[in-house]
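First up is the structure itself, then whatever we jot down about it.
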Amino acid sequence: MKVAVVGVGAVGSATALSLVERGGSCREIVLVDRDTARADGVASDLRYAAPLSPTVYVRSGGYEDLAGAAIVVITAGVNEKTGGATDRSDPKGRLRLLETNAKVFAEIVPQAVAVAPEAVLMVVTDPPDPLADLARHVAGHDRVFSTGTVIDSLRFRVQLADRLRVRPRDVQALVVGEHGTSEVLLWSSATVGGIPVADLLGRDGRSVEDIRKEVERDIRYANITIIEGTGASQYGIGAVSARLVEAVLRDERAVLPVAAYSSRHEVTLSLSSVLGAGGVQQMHEPVMNPEERQALAESVRVLRAAADRALSIGTT
């Protein structure tokens with residue numbers, strides 16, 4: 001199995017490292033970047049670590065080396081810091097990067113599809129959902145998905161676990177809609193060991209509403225907090241990307257909140273998606289209360305407008 005990573009910046013490098021460390025899911029990783037010296041350097045660095053993991057060969061290359069890839073992971077484009085998307089008061093959030101990165105995708109996707117027409121395309125670049133809509137349109141097939149709200153859902157679980165003093169893996173909590181400021185945290189279905197989170201929060205005397213606001217703020221702006229400390233949000237999304245690649249290559253049919261095109265909503269968004277060979281195989285809407293469903297409708301509106309923009313920029 002060959003995996004290609006297009007864009008070897010902070011996120012692409014972290015994704016490649018996570019693929020090497022997870023081991024076993026692929027035998028070859030090809031790194032492609034317009035800065036060929038960077039791709040060469042990252043590939044060389046990772047090759048020296050590869051003997052510590054199950055057999056995997058890491059190399060750099062050009063688009064012609066995507067031939068035979070089972071999945072192409074696209075992380076290329078400007079990040080939030082470079083693109084000026086680190087203002088917590090800006091309602092656009094990651095969508096501020098759309099114009100620049102849509103142009104990048106308009107160059108990358110045709111070249112990738114021409115060489116690897118059967119490959120699944122996984123979009124990681126921000127904003128991933130409208131860029132996945134653009135990639136789907138340009139590629140001319142449905143084997144396209146984005147990392148969606150997987151990282152947001154993990155952050156939700158971690159934030160709740162911190163406050164409830166339990167393991168994050170024992171928390172079940174989901175974020176749907178946009179990977180961005182309009183994302184919807186499904187508080188009504190969040191549980192710990194089958195117990196509703198709402199029944200457990202606030203036992204220390206704090207207002208549950210205050211805790212909710214605090215958690216939502218920490219999740220929606222987690223990327224900015226990370227960027228302020230390190231310059232780039234990379235390790236979490238790199239680990240997520242490698243895990244999703246694994247699910248596709250192994251045809252796991254894992255249920256994860258990745259984003260794919262929904263014919264019902266007529267846009268790419270995150271729901272409860274079944275991920276396996278070929279990408280997203282099914283999509284299901286989780287149970288939501290009226291407030292959450294209304295918030296999802298608003299997120300859909302935001303995403304449709306963003307998808308229209310991406311198509312107008314990337315197909316002209």
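Below, each value reflects all heavy atoms present in this structure, side chains not excepted, and no hydrogens, waters or symmetry copies. Count residues from 1 along the sequence.
- Residues Arg94 and Asn223 have side chains in contact (heavy-atom distance under 4.5 Å, counting atoms from C-beta outward).
- Exactly one of Val123, Ile74, Val144, Val104 qualifies for a side-chain contact (heavy atoms from CB on, under 4.5 Å) with Val109. That residue is Ile74.
- Met288 and Phe156 are members of different hydrophobic clusters when ILVMFWY side chains are connected at heavy-atom separations under 4.5 Å.
- Leu201 approaches Val208 most closely through the heavy-atom pair O-CG2, 3.6 Å.
- Between the CE atom in Met283 and the CG atom in Leu271 there is a gap of 4.5 Å [rounded to 0.5 Å].
- Formation of a donor-acceptor pair under 3.5 Å by the Asp210 side chain with backbone atoms of Ser207 is not found in this model.
- Hydrophobic clustering keeps Phe105 apart from Met122 (ILVMFWY residues linked when any side-chain heavy atoms are closer than 4.5 Å, directly or through intermediates).
- We find the CZ-CG distance between Arg243 and Leu19 to be 12.0 Å, quoted to the nearest 0.5 Å.
- Distance check: Glu28 CD to Tyr57 OH gives 7.5 Å after rounding to the nearest 0.5 Å.
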- Please assess Arg217 against Thr225 for the test side chain to side chain donor-acceptor pair (under 3.5 Å), listing each intermediate value before the final yes or no. CA-CA 11 Å; Arg217 183 183 66 248; Thr225 301; over 6 Å; no
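- Side chains of Ser25 and Arg22: no donor on one and acceptor on the other come within 3.5 Å.
- With a 6.0 Å radius and a threshold of 12 heavy atoms from other residues, nucleotides or ligands, Arg34 has its CZ atom at or below the threshold.
- For the pair Val287/Ser189, no side-chain contact is recorded, criterion being any heavy-atom separation below 4.5 Å from C-beta on.
- Between the side chains of Glu216 and Trp187, at least one donor N or O sits under 3.5 Å from an acceptor N or O.
- Val245 approaches Val3 most closely through the heavy-atom pair CG1-CG2, 3.8 Å.
- In plain terms, the two heavy atoms of Ser60 and Val30 that are nearest each other are C-CG1, 4.5 Å.
- Follow the hydrophobic side-chain contacts under 4.5 Å out from Val113 and you reach Leu131 in the same cluster.
- In terms of modelled atom types and a separation under 3.5 Å, the side chain of Lys2 and the main chain of Ala67 share a donor-acceptor contact.
- Two residues are said to be in side-chain contact when any heavy atoms from C-beta on lie closer than 4.5 Å; Lys92 and Thr181 fail this criterion.
- Between Ser153 and Val150 the shortest side-chain heavy-atom distance does not fall below 4.5 Å.
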Quiz item: Do Leu200 and Ile195 pass the side chain to side chain contact (heavy atoms under 4.5 Å, CB included) test, and can you show the C-alpha distance, the side-chain angles, and the key distance before you say yes or no?
Solution: CA-CA 8 Å; Leu200 298 173; Ile195 305 169; 3.9 Å; yes
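- Checking side-chain atoms of Ser13 against main-chain N and O of Gly9 turns up a donor-acceptor pair under 3.5 Å.
- Remark: side-chain polar atoms of Arg143 are paired, donor with acceptor, to backbone N or O of Pro117 under 3.5 angstrom.
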Passes side chain to side chain contact (heavy atoms under 4.5 Å, CB included), Arg264 versus Glu266? Steps please. CA-CA 6 Å; Arg264 174 178 177 178; Glu266 300 180 321; over 6 Å; no
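- Side-chain contact between Val115 and Gln111: absent, with no pair of heavy atoms (C-beta onward) separated by less than 4.5 Å.
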After noting the C-alpha distance and the side-chain angles of Glu183 and Val176, does the key distance pass the side chain to side chain contact (heavy atoms under 4.5 Å, CB included) rule? CA-CA 6 Å; Glu183 65 190 16; Val176 295; over 6 Å; no
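- The two residues Pro130 and Leu303 make their nearest non-hydrogen contact at CD-CD2, 4.2 Å.
- The shortest side-chain heavy-atom distance between Val20 and Ile29 falls under the 4.5 Å cut-off.
- Taking CG from Leu134 and CG from Leu98, the interatomic distance works out to 8.5 Å, rounded to the nearest 0.5 Å.
- Look at Arg253 and Asp251 and you find a salt bridge, because one of the NZ, NE, NH1 or NH2 atoms lies within 4.0 Å of a carboxylate O, short of that distance.
- Residue Glu298 is tested with Leu296, Val302, Val300 for a side-chain contact (heavy atoms from CB on, under 4.5 Å); the sole match is Val302.
- Among all heavy-atom pairs drawn from Asp152 and His179, the shortest one is OD2-ND1, 2.6 Å.
- Side-chain heavy atoms closer than 4.5 Å link hydrophobic residues (I, L, V, M, F, W, Y) into clusters, and following such links, possibly through other members, connects Val5 to Ile151.
- Taken from CG in Asn79 to OG1 in Thr100, the straight-line distance is 11.5 Å, to the nearest 0.5 Å.
- Judged by distance alone, the side chain of Arg157 and the main-chain N or O of Ala173 form no donor-acceptor pair under 3.5 Å.
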Check step by step if side chain to side chain contact (heavy atoms under 4.5 Å, CB included) holds for Leu244 and Phe145. CA-CA 10 Å; Leu244 299 182; Phe145 71 97; 4.2 Å; yes
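- Closest heavy-atom contact between Tyr63 and Ala112: CD2-N, 4.2 Å.
- Counting non-hydrogen atoms of neighbouring residues, nucleotides and ligands closer than 6.0 angstrom, the CZ atom of Arg27 reaches no more than 12 such neighbours.
- Ser241 contributes a side-chain N or O that, together with a main-chain N or O of Ile237, makes up a donor-acceptor pair within less than 3.5 Å.
- Under a 3.5 Å cut-off, the side chain of Arg163 and the backbone N or O of Gln159 do form a donor-acceptor pair.
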Report task. Kindly determine whether His265 and Glu285 satisfy side chain to side chain donor-acceptor pair (under 3.5 Å), including the steps that lead there. Result -> CA-CA 11 Å; His265 295 290; Glu285 288 203 7; 2.5 Å; yes
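- Counting only heavy atoms from C-beta outward, the side chains of Leu66 and Val6 approach each other to under 4.5 Å.
- A salt bridge does not link Glu178 with Arg301: every distance from a Lys NZ or Arg NE/NH1/NH2 to an Asp or Glu carboxylate oxygen is 4.0 Å or more.
- Listed for the Thr230 side chain is a donor-acceptor partner under 3.5 Å among the backbone atoms of Ala232.
- Asn289 contributes a side-chain N or O that, together with a main-chain N or O of Glu292, makes up a donor-acceptor pair within less than 3.5 Å.
- Each of Thr268, Asp129, Asp133 was scored for a side chain to side chain donor-acceptor pair (under 3.5 Å) with Ser146, with one residue passing: Asp129.
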Given Arg96 and Glu80, is the salt bridge (Lys or Arg N to Asp or Glu O under 4.0 Å) satisfied, shown in steps?
-> CA-CA 8 Å; Arg96 191 161 291 281; Glu80 291 151 306; over 6 Å; no
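- One N or O on the side chain of Arg47 and one on the backbone of Val58 form a donor-acceptor pair closer than 3.5 Å.
- Contact check for Ser299 versus Leu269: no side-chain heavy atoms found under the 4.5 Å cut-off.
- Here the NZ-CG distance, from Lys81 to Leu97, works out to 14.0 Å after rounding to the nearest 0.5 Å.
- Hydrophobic clustering of Ile, Leu, Val, Met, Phe, Trp and Tyr side chains at less than 4.5 Å, counting indirect connections, keeps Ile219 apart from Val258.
- For Met1, the CE atom is loosely surrounded, since the number of other residues' heavy atoms within 6.0 Å does not exceed 12.
- Under a cut-off of 6.0 angstrom, the local environment of CD in Glu214 is crowded, with over 12 non-hydrogen atoms contributed by other residues, nucleotides or ligands.
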